[in-house]
Amino acid sequence: MSYLMPALIGHRGVASEAPENTAIGLKRCKSLGIKWVELDVTQAGDGSLVMMHDETLERFGGRPERISNMDREALMKVDAGTWFSPVFAGEPLLFLEEALDLVKTLGLGLNLEIKVNPDLPVAPLVDAVVANRGLDALHNGERLVISSFDHTALARVAQQKPNWALGALYEGVTEQWAESLADFTPYSIHTDFETLTAELAAEIRAQYPLYCYTVNDPITFQRLLDMGVTGVFSDRAHAPDMRALVKAG
């Protein structure tokens, strides 16, 4: 792999400024100068690929519905903006093909995280994601990384798209971090920063780019850069105090 994601990646778009995983969030990223974004994709009950972090609508005003019991028509009626601010009232959920069209139009790089819906099998989700031709275009432009906490999902992606860049996600990386990588070779390792030690960071960075989530303050960001971390996912990837550390480096 000849390229790297940058040191600052917008988390779920720009989650401090606009509702996550939405069109308005992606447009805000562009206007704020964010070059790469991380977005979540999961599967609804009818197989639709929707840009959501969760398996329920709880985030959107406490609604208990599980998306495994919903279809595209029902999801299109969801207000994905009011929970964040009344300013964004009526902002719809995005579906994968819409998100990819917008990412391409805006000229962004994309870290697409496959969020396995615990109510549904993994294989159909992965196969549906991989089948989307918009991802091939991003890959060919060196603007795509596919990540997941479910490493069986990444192995399935690798079987079908051996040249795609894969980011192996960990809730908290441990000394056994490499044991789940037998069935695919990652492009990068992504982990929660809170459990990362300098020793583990050095071990990982000797083999792969290393990214941490979700880093929103410059003190933590600088500490991670000093440890050799390649970059971070941030709700504040646009913020001057975060960007200043990249420019200083």
Side-chain angles (χ1 to χ4, degrees), residues 5 8-32 34-63 65-68 70-72 74-85 87-120 125-126 128-129 132 134-135 138 143-150 153 167 169 190 211 213-214 216 232-238:
M5 290 189 294
L8 272 172
I9 302 130
H11 181 236
R12 304 181 194 173
V14 56
S16 66
E17 295 288 317
E20 62 184 49
N21 291 311
T22 61
I24 191 65
L26 288 174
K27 292 172 184 176
R28 188 66 60 87
C29 286
K30 180 66 174 181
S31 67
L32 292 171
I34 294 172
K35 304 298 186 183
W36 272 69
V37 296
E38 181 264 355
L39 300 175
D40 304 296
V41 64
T42 192
Q43 197 163 40
D46 66 344
S48 296
L49 297 176
V50 60
M51 310 309 290
M52 276 184 57
H53 180 273
D54 308 323
E55 63 267 15
T56 74
L57 300 182
E58 190 72 28
R59 188 181 301 269
F60 309 126
R63 296 177 57 176
E65 297 100 315
R66 303 192 71 80
I67 65 169
S68 57
M70 302 178 73
D71 59 15
R72 186 184 181 106
L75 289 168
M76 288 174 66
K77 299 174 182 177
V78 173
D79 178 352
T82 298
W83 71 275
F84 187 89
S85 168
V87 172
F88 299 105
E91 181 68 22
L93 289 169
L94 270 179
F95 294 88
L96 180 60
E97 66 276 13
E98 298 170 335
L100 294 179
D101 285 346
L102 190 51
V103 165
K104 180 180 178 182
T105 298
L106 297 174
L108 301 173
L110 175 63
N111 178 169
L112 182 66
E113 180 181 342
I114 297 176
K115 281 287 184 185
V116 172
N117 189 326
D119 301 337
L120 299 170
L125 165 60
V126 173
V129 169
N132 195 296
L135 291 173
L138 286 176
R143 292 190 290 131
L144 177 69
V145 174
I146 301 288
S147 65
S148 185
F149 287 101
D150 190 315
L169 266 162
H190 307 174
Y211 293 85
Y213 65 88
T214 303
N216 292 327
V232 300
F233 300 92
S234 179
D235 298 333
R236 301 179 64 247
H238 64 294

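Everything numeric here is computed off the predicted structure, so don't read it as measured data.
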K.L.:
When rounded to the nearest 0.5 angstrom, what distance separates OG1 in T105 from NZ in K27?
P.N.:
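T105 OG1 to K27 NZ: 9.5 Å, rounded to 0.5 Å.
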K.L.:
Rounded to the nearest 0.5 Å, how far apart are NE2 of H53 and NE2 of H11?
P.N.:
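Here the rounded value is 6.0 Å.
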K.L.:
Among L138, N111, L110, which residue meets the side-chain contact (heavy atoms from CB on, under 4.5 Å) test with R143?
P.N.:
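Running side-chain contact (heavy atoms from CB on, under 4.5 Å) over L138, N111, L110 with R143 returns exactly one hit, L138.
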K.L.:
Between E65 and F60, does the side-chain contact (heavy atoms from CB on, under 4.5 Å) criterion hold? Intermediate values first, please.
P.N.:
CA-CA 10 Å; E65 297 100 315; F60 309 126; over 6 Å; no
K.L.:
Does a side chain donor of either D150 or S148 reach within less than 3.5 Å of an acceptor in the other side chain?
P.N.:
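The criterion, which ignores hydrogens and geometry beyond distance, is not satisfied for S148 and D150.
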K.L.:
Are any of the side-chain nitrogens in R12 or E17 under 4.0 Å away from the carboxylate oxygens of its partner?
P.N.:
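A salt bridge is absent here (no side-chain N lies under 4.0 Å from a carboxylate O).
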K.L.:
Tell me if a side-chain donor or acceptor on K115 pairs with a main-chain N or O of T42 at a distance below 3.5 Å.
P.N.:
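Checking the backbone N and O of T42 against the side chain of K115, no donor-acceptor pair under 3.5 Å is found.
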K.L.:
Salt bridge check: are R59 and E20 linked by an N-O gap of less than 4.0 Å?
P.N.:
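Looking at E20 together with R59, the answer is yes, because their closest N to O distance falls below 4.0 Å.
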K.L.:
Do you see a donor-acceptor pair shorter than 3.5 Å between the side chains of N117 and S68?
P.N.:
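Their side chains do not contain a donor-acceptor pair, so the 3.5 Å distance test is not met.
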K.L.:
With under 30° as parallel and over 60° as perpendicular, where do the rings of F233 and Y211 fit, or are they tilted in between?
P.N.:
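Because their plane-to-plane angle lies in the 30° to 60° range, the rings of F233 and Y211 count as tilted.
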K.L.:
Distance only, no hydrogens: is a donor on one side chain within 3.5 Å (strictly under) of an acceptor on the other, for D235 and S16?
P.N.:
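Distance-only check fails for D235 and S16.
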K.L.:
Before giving the answer on side-chain contact (heavy atoms from CB on, under 4.5 Å), spell out for M51 and L96 the whole-Å C-alpha distance, their side-chain angles and the decisive distance to 0.1 Å.
P.N.:
CA-CA 6 Å; M51 310 309 290; L96 180 60; 4.0 Å; yes
K.L.:
Is the side chain of N216 donor-acceptor paired with the backbone N or O of S234 at a distance under 3.5 Å, no angle test?
P.N.:
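Checked: no pair found.
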K.L.:
Does the pair F95 and L75 meet the rule for a side-chain contact (heavy atoms from CB on, under 4.5 Å), with working shown?
P.N.:
CA-CA 9 Å; F95 294 88; L75 289 168; 3.8 Å; yes
K.L.:
Taking side-chain contact (heavy atoms from CB on, under 4.5 Å) as the criterion, tell me which of D40, V37, V145, V129 meets it with L112.
P.N.:
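Between L112 and the candidates, side-chain contact (heavy atoms from CB on, under 4.5 Å) is satisfied uniquely by V129.
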